[in-house]
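All remarks here apply to the structure that follows.
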Amino acid sequence: MEIEGNKKIYDFESVLSRKNKGSVKWQQMYQWMPDVADDVVPLTVADMEFRTAPEITKGLQEYLEDNILGYSVPTEGYYQAVIDWQRRRHNFEVEKEWILTSPGVVSAFYAAARAYTQPGEGVIIMTPVYYPFFGAIENAGRKVVRNPLLNRADDYTIDFKGLEHLCRKKENKLIIFCSPHNPVGRVWTEEELARLADIVLRYDMIIVADEIHHDLIMPGYEHKVFQTLSYAVAERTITCTSPSKTFNLAGLCTSNIIIQNETLRKKLSDALGSVACGMVGTLGLEGCRIAYDEAEQWLDHLIPVIDRNQHLVRDFFTANFPKITAPLVEGTYLQWVNFKALGFSAEELEKFMREEAQFFTDEGYIFGEEGEGYERINLAAPTKVIEDTLNRLGQALYLMQQ
């Protein structure tokens, strides 16, 4: 980090190799293609290819100098950082008692499926959607109930008529809701959220709001925390947040689960505790505190980089392969690109991307059958990485057309 006057300048340009360093997505890439070139960077799993915010690195180094890494509980500083962050960034007034810690929002999904439903009951999800939703429901012996998003030329909206039909069924008790939506990148409007809230209240549903990407909102859009719509809505909502996406701290395994309703909070706490997921690590708690208290400027500099990258992707396809569409995202750093015009099956598309283009992204089908023919591109990488990745894909596409 450099400082010009009073302005901090962050490094979002250095390309760092994570080969043999335990990165899930890098290791996965080498399993798929052991001889992939050293300059290829995978754009799959949703973590970033940027240097950690220097405030976080420095803060953790200083913390390590005079602290012991034993069993830990959240500090007052941690709680206050979460409360202040939600108030400052989202106009969300949180009380300390509402906050549970979890090793990740996925752990909370798994626990919630058990806490709020019985075996065989239904959990509603809006597909295509973040694939751990499926696993959380199925692992608990519950039924996945799909309410597919309406897709009009890659403009996605909620099927409220279909949702209401599903909520009328007594066996469906829980909704897991993605906001902003991963992978389609929607930031739901307040009007959409109000319609959803009306259904939740009318049919006495419980809703788990996965808002892990709620800090990553593109210019011109505004995220509304679902729980803040009304007291009645908050009484039926489990809000899942974390610094892991915002500041690329997934490896610290700390999430903040916010639940106003005391009964619902105890049920989730008990479910997390039953599988020993009620405690998180010392560095995770401190990393979360430092991120929220000290690294906000880093996030403010990051968002324009993501926005620049998504325009680069869209413009690349518009100029060179206009039948492949890459709409701009409203939130998250994940772009949902439609490759159906190539006419490939899901298997053929996956093979082409990996073997011909060395274009390592998440295959759309893993988000549900509605995602077949799509690729989810992780935009959180130096712009040069995005450019190089698109150039490899472009060369493969041109050769295919010869």
I'd like to know if the side chain of [X] pairs up with that of [Y] as donor and acceptor (distance under 3.5 Å, no hydrogens or angles considered).
{"X": "Tyr374", "Y": "Asp154", "result": "yes"}
{"X": "Tyr365", "Y": "Glu347", "result": "no"}
{"X": "Thr361", "Y": "Glu375", "result": "yes"}
{"X": "His90", "Y": "Asp215", "result": "yes"}
{"X": "Glu370", "Y": "Thr127", "result": "yes"}
{"X": "Asp362", "Y": "Thr44", "result": "no"}
{"X": "Asp11", "Y": "Ser14", "result": "yes"}

Is the count of non-hydrogen atoms from other residues, nucleotides or ligands lying under 6.0 Å from [X] atom [atom1] greater than 12?
{"X": "Gln28", "atom1": "CD", "answer": "yes"}
{"X": "Glu93", "atom1": "CD", "answer": "yes"}
{"X": "Glu13", "atom1": "CD", "answer": "no"}
{"X": "Lys173", "atom1": "NZ", "answer": "yes"}
{"X": "Glu262", "atom1": "CD", "answer": "no"}
{"X": "Lys25", "atom1": "NZ", "answer": "yes"}
{"X": "Leu69", "atom1": "CG", "answer": "yes"}
{"X": "His311", "atom1": "NE2", "answer": "yes"}

[Y] backbone acceptor or donor facing [X] side chain under 3.5 Å:
{"X": "Arg392", "Y": "Leu390", "answer": "no"}
{"X": "Thr117", "Y": "Ala113", "answer": "yes"}
{"X": "Thr189", "Y": "Glu192", "answer": "yes"}
{"X": "Asn338", "Y": "Ile324", "answer": "no"}
{"X": "Gln310", "Y": "Val329", "answer": "yes"}
{"X": "His181", "Y": "Met126", "answer": "yes"}
{"X": "Ser244", "Y": "Ser242", "answer": "no"}
{"X": "Gln27", "Y": "Val24", "answer": "no"}
{"X": "His165", "Y": "Gly162", "answer": "no"}
{"X": "Arg265", "Y": "Glu97", "answer": "yes"}

Listed partners of Thr383 passing side chain to side chain donor-acceptor pair (under 3.5 Å), at least two apart
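Expected list: Arg308, Asn309.
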To the nearest 0.5 Å, what is the distance between [atom1] ([X]) and [atom2] ([Y])?
{"X": "Leu229", "Y": "Leu193", "atom1": "CG", "atom2": "CG", "result": "5.5 Å"}
{"X": "Gln227", "Y": "Thr241", "atom1": "CD", "atom2": "OG1", "result": "10.0 Å"}
{"X": "Lys266", "Y": "Ile259", "atom1": "NZ", "atom2": "CD1", "result": "12.5 Å"}
{"X": "Asp210", "Y": "Ile176", "atom1": "CG", "atom2": "CD1", "result": "9.0 Å"}
{"X": "Asp315", "Y": "Leu328", "atom1": "CG", "atom2": "CG", "result": "8.0 Å"}
{"X": "Ile217", "Y": "Lys224", "atom1": "CD1", "atom2": "NZ", "result": "13.5 Å"}

Salt-bridge test for [X] and [Y]: reply yes if a basic N is under 4.0 Å from a carboxylate O, no otherwise.
{"X": "Lys143", "Y": "Glu171", "value": "no"}
{"X": "Asp47", "Y": "Lys245", "value": "no"}
{"X": "Asp300", "Y": "Arg89", "value": "yes"}
{"X": "Glu286", "Y": "Arg289", "value": "yes"}
{"X": "Arg88", "Y": "Glu296", "value": "yes"}
{"X": "Glu294", "Y": "Lys58", "value": "no"}
{"X": "Glu121", "Y": "Arg142", "value": "no"}
{"X": "Lys340", "Y": "Glu372", "value": "no"}
{"X": "Arg87", "Y": "Asp84", "value": "yes"}
{"X": "Glu350", "Y": "Arg354", "value": "yes"}

Row check, Tyr156 ring normal vs Arg186 NZ/CZ: under 6.0 Å, within 45°:
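Because its charged atom misses either the 6.0 Å distance or the 45° angle limit, Arg186 does not stack over Tyr156.
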Indicate the atoms forming the closest heavy-atom contact of Val45 with Asn378, along with that distance.
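That closest heavy-atom pairing would be O-ND2, 2.9 Å.
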Minimum-distance pair of heavy atoms, taken over all atoms of Met218 and Thr332
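Distance-wise, the nearest heavy atoms are CE-O, 3.8 Å.
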Check whether any side-chain heavy atom of [X] sits under 4.5 Å from a side-chain heavy atom of [Y], and report yes or no.
{"X": "Pro382", "Y": "Phe50", "value": "yes"}
{"X": "Leu150", "Y": "Ile158", "value": "no"}
{"X": "Phe109", "Y": "Phe133", "value": "yes"}
{"X": "Asn147", "Y": "Ile125", "value": "no"}
{"X": "Ile99", "Y": "Tyr78", "value": "yes"}
{"X": "Pro243", "Y": "Leu249", "value": "yes"}

Answer with yes or no after comparing the ring centroid distance for [X] and [Y] against a 6.0 Å cut-off, counting only values under it.
{"X": "Phe344", "Y": "Phe352", "value": "yes"}
{"X": "Phe321", "Y": "Tyr398", "value": "yes"}
{"X": "Trp26", "Y": "Phe360", "value": "no"}

Going through the checks in order, is the ring-ring contact (aromatic ring centres under 6.0 Å, His included) test met by Trp336 and Phe367?
CA-CA 11 Å; Trp336 190 236; Phe367 302 93; 5.6 Å; yes
Could you work out, with side chain to side chain contact (heavy atoms under 4.5 Å, CB included) as the rule, every residue matching Glu164, not counting sequence neighbours?
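By the side chain to side chain contact (heavy atoms under 4.5 Å, CB included) rule, Glu164 matches Arg168, Ile199, Arg202, Tyr203.
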Check the orientation of Phe339 and Phe359. Use parallel for under 30°, tilted for 30 to 60°, and perpendicular for over 60°.
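If you compare the ring of Phe339 with that of Phe359, the planes turn out perpendicular.
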Set of ring pair (Phe, Tyr, Trp, His ring centres under 6.0 Å) partners for Tyr292, sequence neighbours left out
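Residues passing ring pair (Phe, Tyr, Trp, His ring centres under 6.0 Å) with Tyr292: Trp85.
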